[in-house]
Amino acid sequence: MAGMEDMLKRENVQIVEKVSDWEESVHVAVQPLVDQGFVKTDYIDGIISNAKEFGPYFVICPDLALLHARPEQGVIKRQLAVTVLREPVRFKEEGPDVRLLVTLAAEDADSHIDVMRKLAVMFSDPANITKIAEAKDADEVYALFCAPTEE
């Protein structure tokens, strides 16, 4: 059973002031996973091309996007990355603003289920999304993700 600490390294959590558009937000959000060797740069291209083909399916609700692509699009090892944008980005003109980008790199269909369950519980309360989006620094963001959740 993978805990949040196993799936999210502190160095993969960042706060970014501003991006120019949604595509840059994907590059910025996935880059820590590239830098740490969890995904290939192809994974960034996969997320962007999937979004162009299918629409921004990963925007879950206002303020939250769960960025991901297929494992064969560049995943090396499972991991999460978390990016908070101080200035929100919009993935489509009439879509909601997004300030919290959670990038999931999953090696297969099953190994990330426990973490997805924890994320679902955490994000079922919009106040938690706001708390993370308004955290003072990346250490606070990391602590909020690793806090125990009631399932």
Q: In sequence, state the C-alpha distance, the side-chain angles, and the governing distance for Phe145 and Lys118, and then conclude on side chain to side chain contact (heavy atoms under 4.5 Å, CB included).
A: CA-CA 9 Å; Phe145 268 84; Lys118 288 178 187 353; over 6 Å; no
Q: Would you say the side-chain atoms of Arg78 pair up with the backbone N or O of Glu107, donor to acceptor, closer than 3.5 Å?
A: no
Q: Do the side chains of Tyr43 and Val34 join up, straight or via other hydrophobic residues, at under 4.5 Å, putting them in one cluster?
A: yes
Q: Would you say the side chain of Gln36 lies within less than 4.5 Å of the side chain of Gln79, judging by non-hydrogen atoms?
A: no
Q: Glu11: which residues meet the salt bridge (charged side-chain N to carboxylate O under 4.0 Å, His left out) condition with it, sequence neighbours left out?
A: none
Q: Which residues satisfy the side-chain contact (heavy atoms from CB on, under 4.5 Å) test with Arg10, sequence neighbours excluded?
A: Val13, Ala138, Asp139, Tyr142
Q: Output all residues satisfying salt bridge (charged side-chain N to carboxylate O under 4.0 Å, His left out) with Glu87, sequence neighbours left out; order by chain, then residue number.
A: Lys18
Q: Check Leu67 against Ala29 and note the closest heavy-atom contact, atom names and distance.
A: CD1-CB, 3.7 Å
Q: Can you list every salt bridge (Lys or Arg N to Asp or Glu O under 4.0 Å) pair that touches residues 122-133, not counting sequence neighbours?
A: none
Q: Applying side-chain contact (heavy atoms from CB on, under 4.5 Å), can you list everything that pairs with Gln14, at least two apart in sequence or on another chain?
A: Val16, Val28, Pro32, Thr83
Q: Give every residue pair that meets the salt bridge (Lys or Arg N to Asp or Glu O under 4.0 Å) criterion with at least one member in residues 33-52, sequence neighbours excluded.
A: Glu23-Lys52
Q: Which heavy atom of Val19 sits nearest a heavy atom of Ser25, and at what distance?
A: CG2-CB, 3.8 Å
Q: Mind checking salt bridge (charged side-chain N to carboxylate O under 4.0 Å, His left out) for Glu134 and listing every partner two or more places apart, or none if nothing turns up?
A: Arg99
Q: Salt bridge (charged side-chain N to carboxylate O under 4.0 Å, His left out) with Glu72: which residues, sequence neighbours excluded?
A: Arg70
Q: Which pairs with one or both residues in residues 52-109 pass ring pair (Phe, Tyr, Trp, His ring centres under 6.0 Å), sequence neighbours excluded?
A: Trp22-Phe91, Tyr57-His68, Phe58-Phe91
Q: So which heavy atom on Val84 is nearest to which on Ala133, and how close?
A: CG1-O, 3.4 Å
Q: Please name the residue in the list Val30, Thr103, Val39, Leu33 that meets the side-chain contact (heavy atoms from CB on, under 4.5 Å) test with Ile44.
A: Val30
Q: Whether the side chain of Glu140 engages the backbone of Lys136 through a donor-acceptor N/O pair (distance < 3.5 Å, no angle test) should be reported.
A: yes
Q: Quick one: closest heavy-atom pair of Ala135 and Ile15, and the distance?
A: O-CD1, 4.0 Å
Q: Minimum heavy-atom separation for Leu100 and Val98, please, with both atom names.
A: O-CG1, 3.6 Å
Q: Does Leu66 reach the side chain of Phe123, with side-chain heavy atoms less than 4.5 Å apart?
A: no
Q: Quick one: side-chain hydrogen bond (donor to acceptor under 3.5 Å, both in side chains) partners of Glu24, sequence neighbours excluded?
A: Ser20
Q: For Pro96 and Val59, which heavy atoms make the closest approach, and how far apart are they?
A: CG-CG1, 3.8 Å
